[in-house]
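Each chain gets a letter, A, B and so on, in the order the sequences are listed, and its residues count up from 1.
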There are 2 protein chains.
Amino acid sequence: MNNPLIRKLEKFTKLSSGEMQVLEQVAAEGLRQLGTREDIIREGDRPQALNLILSGWACRYKHLEDGRRQIMAFFLPGDLCDNHVFVLREMDHSVGTLTPVTFAQIPRRRIDEITLSHPRVTQALWWASLVSTAIQREWTVSLGQRDALERMAHLLCELFVRLRVVGLTEENRCELPLTQAELADAMGLSTVHVNRTLQELRAAKLIILKGRTLTIPDLEALQSAAQFNPNYLHLEHEGQHLDAND
Amino acid sequence: MNNPLIRKLEKFTKLSSGEMQVLEQVAAEGLRQLGTREDIIREGDRPQALNLILSGWACRYKHLEDGRRQIMAFFLPGDLCDNHVFVLREMDHSVGTLTPVTFAQIPRRRIDEITLSHPRVTQALWWASLVSTAIQREWTVSLGQRDALERMAHLLCELFVRLRVVGLTEENRCELPLTQAELADAMGLSTVHVNRTLQELRAAKLIILKGRTLTIPDLEALQSAAQFNPNYLHLEHEGQHLDAND
DNA sequence: GATTGCCGGTAACCCATGTTAAAGCGGTCG
DNA sequence: CGACCGCTTTAACATGGGTTACCGGCAATC
């Protein structure tokens, strides 16, 4: 089970082997590969399929007319870009890769089939999509209220925890394949200030960041610097959520 | 049809009179009323029902430990607070009123019934929920990239257009029952700077704001000051989106 | 092994926005 | 009627973060 989607959904609910097989197969079907800094889908396109990231990092972003860019979300392995977008006529933003990416394009019909025949998977996908909108809200809080240091620390906590869910951390380390310019576009800061802020986090011994490897010597310390409360990731489950109505 | 939800969904798809009746009835069932500045649901609560705002304004917000507060969304008549939240164990934020509010609490079971028997309504609710997450993303863009003037202008455009959808504007006017402190909490600005910014918009003749009434003499001018592109509200439909798979 | 381009790092300066404080201005309630 | 309260407005001052500009390392390319 190296499928990161399954790994993630299992944080929410136990899946039967049949359900896992369905997910495995769906992921194996419409496989695609892209290099660094290519678009998976563009603003204005008509959404046709649901994209599932299998390896590599991508992001959701939007350009303003004068060239400013905001990254609105990072997509990690196991993340789906927008459940149910096909209801909309056209994309209001773009999704692009940050590293080489492998992803699966899941056609609308496949989703509908799964929804009809696998209620527990449906609910787990619901959960995943609620979590990703909760992440979006938390970014609103960061951008609106947190200063540069808290904001960076918060993002790093979030990414670390999300990567851990899909098994992409080792002890207190993970990959962080983002340039400082990309971090800046995500956090609404200038690249210069991202650099200052990272220095400050390093000086405070809250992070070790060398090359593409992030090490967090003391996660609790970083969390408290960020006022990071993981509740919005909804990882605490209580067994089966499924009841007779689903 | 003074039901604002129906009004809104009809921007997406035509509803049959039967479908409208179902929605009317659902809205009439679990009616509740609250005064100004009360909570509809609180962080930590277990979500039990879907709340539909029928009149008045509410907001989604979160407090940080040190008292800072971020308003993450405004809810207007016709807005649903979080389709499908009941999948989650507990709320990661609160929803509170900004004015006296009438809302309907729709129990989970009713939603499931509608979903099973009225695919077109289901799809319209999907659309509404996709639009509200698109709004959340646009706030990320505002907070990350737009300066105070663009940000305020953008918010006012958005609120005006959303109110117009549910028939709550008259020509170029609408109610704006928000204090400057509430605007500040939403836009990540200080109250002082909100005041400065509103003065600036007034001086530029982009808005007339007196008491709780907002007048926009020239919507296009305001939109262009804000770089407001309404595409993210997905109001341009192309007739029936419903096909055989739904 | 020179050239080019990308990325991280720094420094000097500047401005948008925050902070603090205080005054004005209706409403409303006792 | 007077006192209070919530809200807006203004002013003086402080600062976090933006801008511009430059350096150096390093990997890919020829």
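Panel note: side chain B:T97, backbone B:P100; no donor-acceptor pair is recorded below 3.5 Å.
Comparing B:R196 and B:T179 by the nucleotide of DNA chain D whose heavy atom lies nearest to each, the residue mapping closer to the 5' end is B:T179.
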Name the atoms and distances for all side-chain donor-acceptor pairs under 3.5 Å in residues 228-235 of chain A, with sequence neighbours left out.
unit_1, atom_1, unit_2, atom_2, d
A:N229, OD1, A:N231, N, 2.9
A:N231, ND2, B:E43, OE2, 3.2
A:Y232, OH, A:E158, OE1, 2.8
A:H234, NE2, B:D92, OD2, 2.7

Atom pairs and distances, donor-acceptor, side-chain atoms in residues 143-151 of chain A, under 3.5 Å, two or more places apart:
unit_1, atom_1, unit_2, atom_2, d
A:Q145, NE2, B:R69, O, 2.9
A:Q145, NE2, B:Q70, OE1, 2.8
A:R146, NE, A:S142, OG, 3.0
A:R146, NH2, A:E138, OE2, 2.4
A:R146, NH2, A:H154, NE2, 3.2
A:D147, OD1, A:L149, N, 3.2
A:D147, OD1, A:E150, N, 3.1
A:E150, OE1, A:D147, N, 3.0
A:E150, OE1, B:R68, NH1, 3.1
A:E150, OE2, B:R68, NH2, 2.9
A:R151, NE, A:S142, O, 3.4
A:R151, NE, A:R146, O, 3.1
A:R151, NH1, A:M187, O, 2.5
A:R151, NH2, A:R146, O, 3.2

Under 3.5 Å, which donor-acceptor pairs link side chains of residues 204-221 of chain A to any protein atom two or more places apart or in another chain?
unit_1, atom_1, unit_2, atom_2, d
A:D218, OD1, A:E220, N, 3.2
A:D218, OD1, A:A221, N, 3.1

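Residue pairs meeting the salt bridge (charged side-chain N to carboxylate O under 4.0 Å, His left out) criterion with at least one member in residues 26-36 of chain A, sequence neighbours excluded, are A:E29-A:R110.
Overall, the helix from C:dG1-D:dC30 to C:dG30-D:dC1 carries an axis bend of 30° between its ends, with five pairs at each end and the value rounded to 10°.
At the heavy-atom level, A:R151 lies nowhere under 4.0 Å from the strands shown.
With sequence neighbours excluded, the residues forming a side-chain contact (heavy atoms from CB on, under 4.5 Å) with A:A49 are A:Q105, listed by chain and number. The side-chain hydrogen bond (donor to acceptor under 3.5 Å, both in side chains) search around A:Q223 returns none, not counting sequence neighbours. Under the rule for a salt bridge (Lys or Arg N to Asp or Glu O under 4.0 Å), A:E90 has no partner lying at least two apart in sequence or in another chain.
Heavy-atom distances under 4.0 Å link DNA chain D to no residue of residues 199-215 of chain A. Sorted by residue number, the members of residues 181-189 of chain A with any non-hydrogen atom under 4.0 Å from DNA chain D read A:G188, A:L189.
Contacts between chain B and DNA chain D, taken as any atom within less than 4.0 angstrom of a protein heavy atom, begin and end at D:dC7 to D:dA12. Protein chain A touches strand DNA chain C; the 5'-most and 3'-most nucleotides with an atom under 4.0 angstrom of its non-hydrogen atoms are C:dC7 to C:dA12.
The existence of a salt bridge linking A:R42 and A:D45 is excluded, since no basic side-chain nitrogen approaches an acidic carboxylate oxygen closer than 4.0 Å. Salt bridge annotation for B:E182-B:R37: present, with a cationic side-chain nitrogen under 4.0 angstrom from a carboxylate oxygen.
In the model, B:T99 has no side-chain atom that pairs as donor or acceptor with a side-chain atom of B:T36 under 3.5 Å. Side-chain contact annotation: B:Q136 with A:T140, donor-acceptor N/O pair under 3.5 Å present.
Considering only heavy atoms from C-beta on, B:L156 stays 4.5 Å or farther from B:F160 through its side chain.
Contact detail for A:W57 and A:L176: the closest heavy-atom pair is CH2-CD1, 4.0 Å. Closest non-hydrogen pair, A:F74 versus A:D79, comes out as O-OD2, 3.9 Å.
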